[in-house]
Amino acid sequence: MQVYLETYGCQMNEYDSELVRTILHDGSFRMTPTLDDADVVLLNTCAIRESAHDRIYGRLGHLRALKQRNPRLIVGLLGCMAQNLKQELLATHPVIDLVAGPDSYKRLPRLIHAVCDSGNKGLEIDLSEYETYADVFPTRAPGVNAWIACMRGCDNFCTFCVVPYTRGRERSREPESIVTEARRLAEAGTKQVTLLGQNVNSYRFEATDFAALLLRVAEVDGIERIRFTSPHPKDFPRPLLQAIRSHPKLCKHIHLPLQAGDDVVLERMRRTYSQREFLDLVDEIRDTIPGVSLSTDVICGFPGEDDAAFAATEAVMSRVQFDSAFIFKYSERRNTIAQRKYADDVAETVKTERVVRLNALQKEISGSRNRRHIGSTVDVLLEGPSRKNAADLLGRDDGNRCVVVPGTGLDVGSTIPVQIVAASAHTLIGQPLAAMPRSTS
Ligand code: 5AD
Ligand code: SF4
């Protein structure tokens, strides 16, 4: 059977799709890159905001038309939206034949066969306290970058967030399995790995904490850069800061989700830190790791966010001067604590206005922070052709800033010293200093 797999949502979902491809590599399935050739279409879905659900509903409309032409087509939903809505999806959308949540992928081959053979609908939505897929090593197209999941699930229960319900309890994957995956990637030519988890600072497997895990991955020859996402600002492990400061392979970039700047909103979000604590942590990070770059996530229009509370978020963003920020409108998620406890009382127009304001503020800040690099020399890992102009290469510096480099004679996968000659809010433009690629390892 030919399987077409489409991925929505975050990097963890991208990683999970790689797991699914591997799990389906059992002789009876073959992946196809074209929807029209498919016997089975799988959508690996996201549930983080309603817009993620809406995209899938739109896609299902298209698949319904396809299925009218080919009634034998099997349509399956995987991932967070599948886990979130479960049976309801099968009841409301007859086009869907099977639903499988993030902890059920090992049962997917059996499930697809059962649905095909019986013509019945299939549902696999049990969440597990143990499944880490530590014994499944994704087969992926070789590339400069790769994700490695080091944890699954989340126990934080931020009141706005659906993830604890869609990905279940937090569990850490054994370090040996993570290091083996990094080693295999290095052998295939990968230079940069990003360790993924919903809350990496609580990573622990027996005696190995997250800093120790990073240092173990850093021992893998051939892996030149290591990134991770995301830590939680509460209980930020200090040994992690020391490790980033002192190990050249650990990139000097931290994604530190702020979510809101007002103490009352932070408490209602159950973030368990105050504005002061967040600002103190930022100061400590900057004191420990000179030149570190910081990015963040912010939610606008959480229940009860009045003008003064929003102003507090603006003030924190102005004060911290993040290098970049992802800014979202609050989207109420069913069954979350916020949905049960608070009315979604900020008008849509006000949410939009606030998102626009924060994006404008951040654009200014990102532009001015990026312009400070003009004239300096940075090491850039070249990742591939630039989207705007295929003659240019796109890479990133240690701080995760995108750098466009005129491409002639340069190898993707090499790290080269580049002088920054121009900058905008999103990109730096660089000139290679030497023709010879230089490796950082
Ligand atoms: N509404 C809007 N944004 C959300 N996020 C998580 N849940 C919601 C929600 N219900 C944002 C947070 C998180 C990022 C991945 O998505 O900012 O850090
Ligand atoms: Fe990723 Fe969260 Fe979306 Fe799931 S709900 S795919 S964990 S962003």
Side-chain angles (χ1 to χ4, degrees), residues 1-126 133 136 138-141 143 162 166-167 331 333-334 387:
M1 270 185 276
Q2 305 237 71
V3 182
Y4 176 81
L5 171 61
E6 211 164 67
T7 309
Y8 297 79
C10 64
Q11 298 132 344
M12 190 63 100
N13 254 22
E14 296 282 348
Y15 182 85
D16 281 359
S17 284
E18 291 170 352
L19 289 177
V20 167
R21 279 189 202 101
T22 311
I23 290 166
L24 291 181
H25 200 78
D26 76 342
S28 47
F29 302 100
R30 207 150 50 87
M31 303 308 297
T32 168
T34 34
L35 181 56
D36 289 338
D37 297 344
D39 305 301
V40 181
V41 176
L42 300 175
L43 307 183
N44 192 4
T45 62
C46 172
I48 197 92
R49 284 169 286 274
E50 195 55 29
S51 54
H53 280 195
D54 291 343
R55 280 185 76 194
I56 299 298
Y57 290 133
R59 196 64 174 139
L60 287 174
H62 179 71
L63 294 176
R64 205 176 300 124
L66 210 65
K67 207 164 169 160
Q68 268 159 10
R69 293 204 299 272
N70 173 14
R72 293 179 59 83
L73 183 71
I74 303 281
V75 174
L77 256 63
L78 317 180
C80 290
M81 180 183 176
Q83 188 68 45
N84 198 24
L85 301 184
K86 309 184 179 70
Q87 291 88 341
E88 185 183 324
L89 278 171
L90 294 174
T92 55
H93 289 76
V95 64
I96 302 172
D97 299 293
L98 67 90
V99 168
D103 286 344
S104 307
Y105 298 147
K106 285 183 183 161
R107 292 188 288 276
L108 205 48
R110 222 178 46 214
L111 183 67
I112 297 174
H113 283 303
V115 168
C116 270
D117 295 346
S118 67
N120 295 331
K121 306 276 177 188
L123 187 70
E124 286 282 359
I125 41 144
D126 287 347
Y133 297 100
V136 182
T139 42
R140 12 159 115 89
V162 78
T166 65
R167 289 189 168 271
S331 167
R333 310 314 293 137
R334 214 191 299 171
R387 260 159 288 157

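This is a predicted model, so every value here is computed, not measured. Note: hydrogens, waters and symmetry copies are ignored here, and every other heavy atom, side chains too, is used.
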Review point. Within the side chain of Thr32, is there an N or O that forms a donor-acceptor pair under 3.5 Å with the backbone of Val3?
Key: no
**Study point:** Closest heavy-atom pair and its distance - Met81, Cys46
**Key:** CB-O, 3.5 Å
Practice item. Starting at CD1 of Ile96, measure out to CG of Leu89 and round the result to the nearest 0.5 Å. Key: 4.5 Å
Practice item. Determine whether the side chains of Tyr8 and Glu6 contain a donor N or O and an acceptor N or O closer than 3.5 Å. Key: yes
Exercise for review: Provide the full list of side-chain hydrogen bond (donor to acceptor under 3.5 Å, both in side chains) pairs with a residue in residues 111-123, sequence neighbours left out, each pair given once.
Suggested key: Ser28-His113
Check your understanding: Between CG of Leu77 and CG of Leu42, what distance do you get to the nearest 0.5 Å?
Key -> 9.0 Å
Practice item. Look up atom CG in Leu73 and atom CG in Asp39, then write down how far apart they are to the nearest 0.5 Å. Key: 8.0 Å
Review point. Taking everything shown except Arg55 itself, do over 12 heavy atoms lie less than 6.0 Å from its CZ?
Key: no
Check your understanding: Any side-chain hydrogen bond (donor to acceptor under 3.5 Å, both in side chains) pairs touching residues 78-88, not counting sequence neighbours?
Key -> Glu88-Arg334
Practice item. Step by step, work out the side-chain contact (heavy atoms from CB on, under 4.5 Å) result for Leu85 and His53. Key: CA-CA 10 Å; Leu85 301 184; His53 280 195; 3.8 Å; yes
Exercise for review: Could you tell me the separation between the CG atom of Leu43 and the CG atom of Leu78, rounded to the nearest 0.5 Å?
Suggested key: 7.5 Å
Review point. Can you list the steps and then say if His62 with Val41 is a side-chain contact (heavy atoms from CB on, under 4.5 Å)?
Key: CA-CA 12 Å; His62 179 71; Val41 176; over 6 Å; no
Practice item. Determine the minimum heavy-atom distance between Tyr4 and Ala38, stating which atoms define it. Key: CB-CB, 3.6 Å
Study note, to complete from the structure: Across all chains, not counting sequence neighbours, the side-chain hydrogen bond (donor to acceptor under 3.5 Å, both in side chains) partners of Ser17 are Thr7, Asn44
**Study point:** Shortest non-hydrogen contact between Leu19 and Pro138, atoms and distance
**Key:** CD2-CG, 3.9 Å
Review point. How close do Leu111 and Gly122 get, heavy atom to heavy atom, and via which atoms?
Key: CD1-CA, 3.8 Å
**Study point:** Main-chain N/O of Tyr105 paired with Tyr133 side-chain donor or acceptor, under 3.5 Å
**Key:** yes
Point to revise | Distance, nearest 0.5 Å, that separates OG1 of Thr22 from CE of Met31 | key: 9.5 Å
Practice item. Search all heavy atoms of Leu5 against all heavy atoms of Arg21 and return the closest pair with its distance. Key: CD2-CG, 4.0 Å
Point to revise | For the student: nearest non-hydrogen atoms of Pro102 and Cys80, plus distance | key: CG-N, 4.4 Å
**Study point:** Full working for salt bridge (charged side-chain N to carboxylate O under 4.0 Å, His left out) between Asp16 and Arg167
**Key:** CA-CA 12 Å; Asp16 281 359; Arg167 289 189 168 271; 3.1 Å; yes
**Study point:** side-chain contact (heavy atoms from CB on, under 4.5 Å) between Asp97 and Val40, intermediate numbers included
**Key:** CA-CA 10 Å; Asp97 299 293; Val40 181; over 6 Å; no
Check your understanding: Would Ile112 and Leu24 count as a side-chain contact (heavy atoms from CB on, under 4.5 Å) if you check the C-alpha gap in whole Å, the side-chain angles of each, and the deciding distance to 0.1 Å?
Key -> CA-CA 10 Å; Ile112 297 174; Leu24 291 181; 4.0 Å; yes
